Amino acid sequence: MGRGDVMLERNDLMEQRLAKIAAVVEAGQQAYPNDFKPSHTGAELIAGLADQLAPHPIERATGTAAVRMVGRVIAINRKGKVGFLRIRDRSASAVIAARQAANVAREAANMAPRDSDTSTYQVFFRRNEDEDLFDALLKSGQSLDVGDIVGCIGLPFRTQTGEPSLWATSLDAEGNPLSGTAAGEPCVRILTKSIRSLPEKFHGLTDKQTRYRQRYVDLIVNDDVRATFERRAHIIAAIRAFFHTRDYLEVETPMMHSIVGGATARPFATHHNALGIPLFLRVAPELHLKRLVVGGLERVFEINRNFRNEGIDLQHNPEFTMLEFYEAYATYTDLMVLIEQLFSGLAQQLHGTTDLVWGDANDPDAQQQISMAAPFARISVYEGIQRWGGLDAEQLHDAALLRAKLAEQGITLPAATPVGKLQMALFETVAEPHLIQPTFVTDFPVEVSPLSRKKDSDPRLTDRFEMYMAGFEIANAFSELNDSVDQHERFQAQSLAKAGGDVEAMDMDMDYIRALEYGLPPTAGCGIGIDRLVMVLTNNQSIREVILFPLLRPEQRRSESGDAATPAALTEG
RNA sequence: GGGUCGGUAGCUCAGCUGGUAGAGCAGCGGACUUUUAAUCCGCCGGUCGUGGGUUCGAUCCCCGCCCGACUCACCA
C-alpha cells in the first residue's frame, strides 16, 4: 500500500470473513447474487402464515408452494443436528405487533405467551434436509455468520414451543422441488456476506458517537431506534394528509437564497460559480410562501429543511425540518385551533391517547405527563413575565428593572437593546422551563416580530404566538403583516440592526415589498419544528435521536492523516 | 468558549495513586436433533485515544493535543 492510499480497517475477524467470500468465488459461485425474490415477510409469518399448515410434523404435499423469506441473520443457534437462525427483515416493527397480537390469542387459549420482545422471526434448519448444505453453513467451516443477509426457502410451521417459524427445505415429501423453487435450489443461501461483526447481542450498541456516526448499525441492532424513525415517517405523512384534507397545496420553495430573510438567524454562506453571486442556505421559507399567497395560492404548506449557522445542543441541529403553512383570510387565533386539532390528532393516531409520557423511562422521578388534549393553555408574554418573573404590569416596561432581573440570571444585553427584546429575554429565562404542557404564548413585542401584524389594541405588540411544550418552542405563528409601508419600515430597522453588528438580522427584501404592494390578503401563517414535535411524540429528549444523520464533527482517522488529506479528487469539483 | 465526566479486545465493561492487561459476548476447533442472552470443553484476539514528561519501570502520576457525553453561555 503506497503513501496516500486510504487505509482500510482490517482485523482478524474481518480477514476470516473475507476468506469465506473468496472460498465461494473459488467454488465458482456468485458471491453477491441478486436473484432471490422474497414471497413473504417476517410479520406475515408471525401473523398466521404458520397456521396455514399443520403445526408438526410438517406437511409437504406435492405441489405445496414454497415460502421465500429474506433478512439479516441476527443470531445463530446450532444445537447438534438442528440449527435456528434469528432473522430480521423490513417488517421488524410489524413482527413485534403481530407477536403481541398472537400472544393475546395464546393467553386467551391458556397458553404461555412467547417472544413478545423480539422483532425477529425464526428459521429452523434440520441437518437431515440437506447434510452438505447444513455442514457447509453451520458446521465445519461455518460459512454463515451473524450479520449475513440470507434468503431462505421453506414451509411455515410451529416449533415444539409454539413459535411460528420457517422450516428450511426445498423439497416436498416425494423429494421433488417445492412449487416455486428451481431444481437444486438450496433452502438457505447467503445473499450478502457481512464482513464486519455486529455489536454484542445482549448489551448492544450504546456509544452515542458510534450510534450517530454509524446509524446503519444503530438501526440494525436497536429496535427502538428503528421504531422512532418509522414513527417520524408516519407523523410527516399524517401532517400531509391533515393539510390536504383542508384544501392546502404543498409547494417547494428555494433552499438557496440571495437575500437572508424569514427568520432572525445566522445563515450558512455559499457561492454560485456560474452566476458569480453569493448565496445563503435558507433560514426559513416564509417570504417565498407569502409571495405564493399573493399569487393566489391561498392555502400553502411546505415541509423542508432550514439551515441555521448556530450552536448544536439537545434541541438544535444546524439543519432541521420545518413545516410552514399559510392560510389566507385566517388569523393567528384560527391557527391555534388548527394546531390543537393537528397535535391532538397526531397523538391519537400514534398512541391512541392524548396523554403522552415525557422523560427518561428508566427514571420515574424524571417522568412527566404531557396532555395533548385541546384546548391548550394560553398565556401572554406579559402575563408570563408577571407570573414567573416577579414583576407587575407597570414594572415590565421599565428597561432598567428588566436589566436588573436579567442580571440576576447572569444575562447582560447590549445597551441599545430595545425594551421588547429585554422582555423576551426575561420571558425565555423565567417562563420557558415552566411550559411543559402545550401552551400558546401570545402577544409578542413588535421589536422581535418584524413580519407580524401589529395588534389593533396595542401597537407595541403583535398578533403572534409561539407554542411551547416540554420546555421548548415547537411552533411560531402570526397574523401576517400585509401593510407594505409598515413592512418596509420594519426591514429598515432590521438593516440598521445588521449594520450595527446584529448577525441575525434580516436583509431588506425589496421584491417582497413589491409583492406586498400587489396585495397580500389578510393571512395567518405558522412554522412548526418537525424534529422537536417528533421528539415530544416519541419521547426522545435529544434532537439527535430523531434525525437520522445529525451533524457531527468529521471523523478523524489516524491512518488517513497527513498527506492523504488533500487528494486530487477534492479539487476537481 | 467555560465546567464536569469519559476514551482499555469487533461489542459491553473490570483493572487497588506505578511492576508492560482481564471477564462476558462475538470469532475459531469440538460435543449436543426444538433453541430463545442456549449450554459445556479448548483456543485465538490489545501500539490501554494521541504526543511529551517524571520514574529503574506508566493503562495508572503530571502537561499538551484529539474525540465524545452531559452542562452553562448564544440560538429555534
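From a predicted model like this one, the values you see are computed outputs, not experimental measurements. We name chains A, B, ... by the order of the sequence lines, and we start the count at 1 in each one.
- When the P atom is used for both rU34(B) and rG29(B), the distance is 23 Å, rounded to whole Å.
- Each of N128(A) and E466(A) was matched to the nucleotide of RNA chain B holding its nearest heavy atom; the match closer to the 5' end belongs to N128(A).
- Checking rA14(B) for Watson-Crick or G-U wobble geometry (two distances, each under 3.5 Å) identifies no partner in any strand.
- On a pure distance criterion of 3.5 Å, no polar donor-acceptor pair joins the side chain of E163(A) and the base of rU34(B).
- Remark: the T161(A) side chain and the rU36(B) base include a donor-acceptor N/O pair separated by less than 3.5 Å.
- Phosphate proximity of rU12(B) to T206(A): present, with a side-chain N or O under 4.0 Å from OP1 or OP2.
- Comparing rA76(B), rG10(B), rU71(B) against the side chain of F320(A) picks out rA76(B) as the nearest.
- Here, rA26(B) and rG7(B) have their P atoms 25 Å apart, quoted to the whole Å.
- One can place CG of D313(A) at 19 Å from P of rG3(B), the figure rounded to the nearest angstrom.
- For the P atoms, the distance linking rC48(B) with rU4(B) amounts to 27 Å, nearest Å.
- The base of rU36(B) sits within donor-acceptor range of the side chain of R86(A), with an N or O pair under 3.5 Å.
- One C1' atom belongs to rA14(B), the other to rA23(B), and the distance between them is 7 Å to the nearest Å.
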